There are 2 protein chains.
Amino acid sequence: MNLEDAKMSARSKSNTEIAIETIKRLIVENELQPGSNHLESELSLKLGMSRTPVREATLILEAQGLLEIVPRHGVKILPVSISDMREVYQVLTALEGTAAELAAQKSLNAEAFVEAEKAILMMDEALATDDRETWAIADEKFHNELIRLADNSRIKSIVNVFNDQVRRARALTLYLRPSPTKSNEDHRLLLDAIKAGDALTAKTIHTEHRVRAGAMLISILEKHKLIMV
Amino acid sequence: MNLEDAKMSARSKSNTEIAIETIKRLIVENELQPGSNHLESELSLKLGMSRTPVREATLILEAQGLLEIVPRHGVKILPVSISDMREVYQVLTALEGTAAELAAQKSLNAEAFVEAEKAILMMDEALATDDRETWAIADEKFHNELIRLADNSRIKSIVNVFNDQVRRARALTLYLRPSPTKSNEDHRLLLDAIKAGDALTAKTIHTEHRVRAGAMLISILEKHKLIMV
DNA sequence: GCATTTATTAATGCATACGTTAATTTTGCA
DNA sequence: TGCAAAATTAACGTATGCATTAATAAATGC
């Protein structure tokens with residue numbers, strides 16, 4: 001627990017923060033369905049708080065691209081179209097490629113890679129039993145580790161925002177996609193390149209990895225006629 | 001005026017929107033100085049509105065990285081350190097490089113480039129008389145055109161947020177930097193590559209351009225001991 | 001029956017009030 | 001004089017009320 005986490009533990013969360021987290025969870029879990037509208041008063045009741053923190057939360061969530069405030073119609077939960085997905089992956093590809101490059105440019109000691117190694121191990125184990133849920137958790141953990149290694153807080157927060165935008169689509173396609181063996185391989189190679197300080201290779205491997213992942217996700221959505229998720 | 005703009009014209013701006021714009025302007029103009037703290041009540045008086053829209057505005061501006069809400073101390077206007085600047089330019093470089101690539105991948109007709117051409121012309125004219133202000137306006141116009149050509153709304157909004165973060169530093173260094181002849185040249189070459197549909201060249205030129213711009217800005221800040229701007 | 005006008009309802013942006021509690025000031029003691 | 005404890009003040013997160021006005025329902029006219 002670092003200093004920032006300690007500070008958070010020491011004071012309770014504001015209702016605004018709770019509303020942000022709760023609404024986000026409800027969106028990801030499809031309890032607030034893409035395309036649906038919800039009045040402030042409805043969410044206020046649902047969350048057991050007054051309209052003020054709900055309003056504040058929806059402003060933030062709108063800025064994060066998860067919903068749209070429509071005056072007198074409440075908030076509309078934004079569906080994610082295939083072209084949205086394209087946009088998101090273009091951003092993630094650019095920023096994660098840069099993260100890989102940055103990580104490789106640092107002279108980090110072996111300790112820094114422990115969590116990434118664990119994530120890869122976890123992914124391999126999950127793959128051995130085709131446990132897709134565990135694989136997805138490990139995959140996300142690995143990507144987050146990569147971002148942490150890059151040590152650019154702005155890249156981190158942007159990537160987090162966009163991962164939230166596509167979380168539902170990823171969950172939806174988790175069992176529809178082919179076995180992610182290539183992903184595990186890419187991650188291993190990427191980590192090796194980072195350890196070796198080979199920024200160009202790291203950037204290339206990861207950029208291609210993200211381009212492929214985006215294309216695969218989009219093609220699954222198209223194949224199954226999932227126009228909006 | 002497109003449909004979105006028409007919609008905005010037809011209804012007046014909320015106080016929250018006015019507060020966002022006004023506070024942002026006061027920050028850029030240094031009327032709210034980096035490092036300074038301002039209570040909600042102070043801003044409320046200054047802007048001539050109640051605390052509610054001011055609170056809403058500060059939540060959004062905090063998410064945009066322009067200020068930090070410090071309970072019981074008001075909002076702290078965030079200074080931008082050299083390492084912040086590094087982070088920002090890493091993001092801008094990644095995303096604008098991708099924007100250049102995307103723009104080149106599209107088969108656009110000559111009409112699409114008119115505004116970019118105008119901006120380059122404006123930059124050349126400004127350079128001829130060393131009119132730095134006009135040059136900066138034209139430079140920003142060109143970059144915005146590039147982003148528009150890329151046609152990825154997410155890249156656009158991220159780039160806008162980060163340009164706001166470094167706006168003050170750019171203004172501060174405008175007269176401290178060498179004559180931006182290389183910039184004009186890069187923009188010309190970039191536009192040619194985009195027109196030719198040469199995505200790799202476009203991405204390379206612009207990425208290097210942005211890397212160089214970031215490095216130059218940072219070195220000026222370091223040279224003049226401008227640790228926080 | 002349909003279109004238009006009028007009346008009603010309700011959603012929300014905002015102002016204000018209030019309870020909580022962090023920060024500051026005052027008081028008391030060694 | 002310095003420090004700790006107690007008292008006071010004020011900042012703010014939130015709840016609530018209100019004015020505005022968009023949306024909907026009802027009434028009217030052809």
Side-chain angles (χ1 to χ4, degrees), chain A residues 3-27 32-33 35-64 66-78, chain B residues 3-27 32-33 35-64 66-78:
Chain A
L3 205 56
E4 192 67 28
D5 288 343
K7 202 180 296 181
M8 290 301 280
S9 298
R11 65 172 178 87
S12 60
K13 290 182 186 182
S14 67
N15 277 359
T16 298
E17 286 167 328
I18 291 169
I20 291 172
E21 289 169 9
T22 307
I23 295 172
K24 199 178 283 187
R25 180 170 57 76
L26 295 176
I27 290 173
L32 299 180
Q33 300 246 338
S36 61
N37 284 70
H38 305 275
L39 299 179
E40 281 181 4
S41 50
E42 179 194 333
L43 294 175
S44 182
L45 279 178
K46 197 177 198 72
L47 272 60
M49 60 182 78
S50 76
R51 282 169 52 224
T52 309
V54 169
R55 265 189 74 75
E56 290 181 0
T58 59
L59 282 170
I60 299 297
L61 292 168
E62 185 183 43
Q64 291 182 2
L66 293 180
L67 52 83
E68 177 187 5
I69 295 169
V70 185
R72 315 194 70 90
H73 295 267
V75 296
K76 175 181 170 183
I77 308 301
L78 284 178
Chain B
L3 204 58
E4 191 68 28
D5 289 344
K7 201 181 299 184
M8 290 302 281
S9 299
R11 67 174 175 87
S12 60
K13 289 182 186 183
S14 68
N15 278 358
T16 298
E17 286 167 327
I18 291 169
I20 290 173
E21 290 169 9
T22 307
I23 294 172
K24 198 178 287 188
R25 180 171 56 75
L26 295 176
I27 290 173
L32 299 180
Q33 299 244 337
S36 62
N37 284 68
H38 305 277
L39 298 178
E40 283 181 4
S41 50
E42 179 193 335
L43 294 175
S44 181
L45 280 176
K46 196 177 199 77
L47 272 62
M49 59 181 78
S50 76
R51 282 170 50 223
T52 310
V54 169
R55 266 186 72 73
E56 290 181 359
T58 59
L59 281 170
I60 298 296
L61 292 169
E62 184 183 44
Q64 291 183 1
L66 294 181
L67 52 84
E68 176 187 6
I69 294 168
V70 184
R72 315 195 72 88
H73 293 267
V75 296
K76 175 180 170 184
I77 308 302
L78 284 178

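No experiment lies behind these values; they were computed from the predicted model shown. Numbers restart at 1 for each chain; the letters A, B, ... are given by sequence-line order, proteins then strands.
Checking the phosphate oxygens (OP1, OP2) of C/dC14, a side-chain nitrogen or oxygen of B/T16 falls inside 4.0 Å.
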note = Encoded 5' to 3' (Watson-Crick or G-U under 3.5 Å; [ ] crossing; | other strand), DNA chain D becomes ||||||||||||||||||||||||||||||
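Between the P atom of D/dC12 and the NZ atom of A/K13 lies a distance of 22 Å, rounded to the nearest Å. As rounded to whole Å, 16 Å separates atom P of D/dA11 from atom CD1 of B/I69. Put simply, CD on B/E42 is 10 Å from P on D/dA11, counting in whole angstrom units. Rounded to whole angstrom, the span from the CD atom of A/E68 across to the C1' atom of C/dT12 amounts to 16 Å. Remark: P of C/dG19 and CG of A/N15 are 17 Å apart, rounded to the nearest angstrom.
Scanning for side chain to side chain contact (heavy atoms under 4.5 Å, CB included) contacts around B/R72 gives an empty result, with sequence neighbours left out. Annotation: side chain to side chain donor-acceptor pair (under 3.5 Å) contacts of B/E40 (sequence neighbours excluded): B/R51, B/R55. With sequence neighbours excluded, no residue forms a salt bridge (Lys or Arg N to Asp or Glu O under 4.0 Å) with B/K76. Applying the salt bridge (Lys or Arg N to Asp or Glu O under 4.0 Å) criterion to B/E21, with sequence neighbours excluded, gives B/K13. The side chain to side chain contact (heavy atoms under 4.5 Å, CB included) search around A/L59 returns A/I69, B/E56, B/I60, not counting sequence neighbours. For A/S36, the side chain to side chain contact (heavy atoms under 4.5 Å, CB included) partners are A/Q33, A/H38, A/I77, not counting sequence neighbours.
Between A/L39 and A/G74, the shortest heavy-atom distance links the atoms CD2-N, 3.7 Å.
Mapping B/R51 and B/E56 onto DNA chain C by nearest heavy atom places B/E56 at the nucleotide closer to the 5' end. Nearer to the 5' terminus of DNA chain D, by closest-nucleotide assignment, is the contact made by B/V75 (compared with the other of B/V75 and A/M49).
Nearest to the side chain of A/R55, among C/dG13, D/dT16, C/dC14, sits C/dG13.
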Under 3.5 Å, N/O pairs linking protein and nucleotides 9-11 of chain C:
| residue | atom | partner | partner atom | Å |
| --- | --- | --- | --- | --- |
| C/dA10 | N3 | A/R72 | NH2 | 3.0 |
| C/dA11 | N3 | A/R72 | NH1 | 3.1 |
| C/dA11 | N3 | A/R72 | NH2 | 3.3 |

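With contacts defined as side-chain heavy-atom distances shorter than 4.5 Å, the pair B/K46/B/V54 does not qualify.
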query = Could you go step by step and tell me if A/L67 and A/I23 meet the side-chain contact (heavy atoms from CB on, under 4.5 Å) rule?
reply = CA-CA 10 Å; A/L67 52 83; A/I23 295 172; 4.3 Å; yes
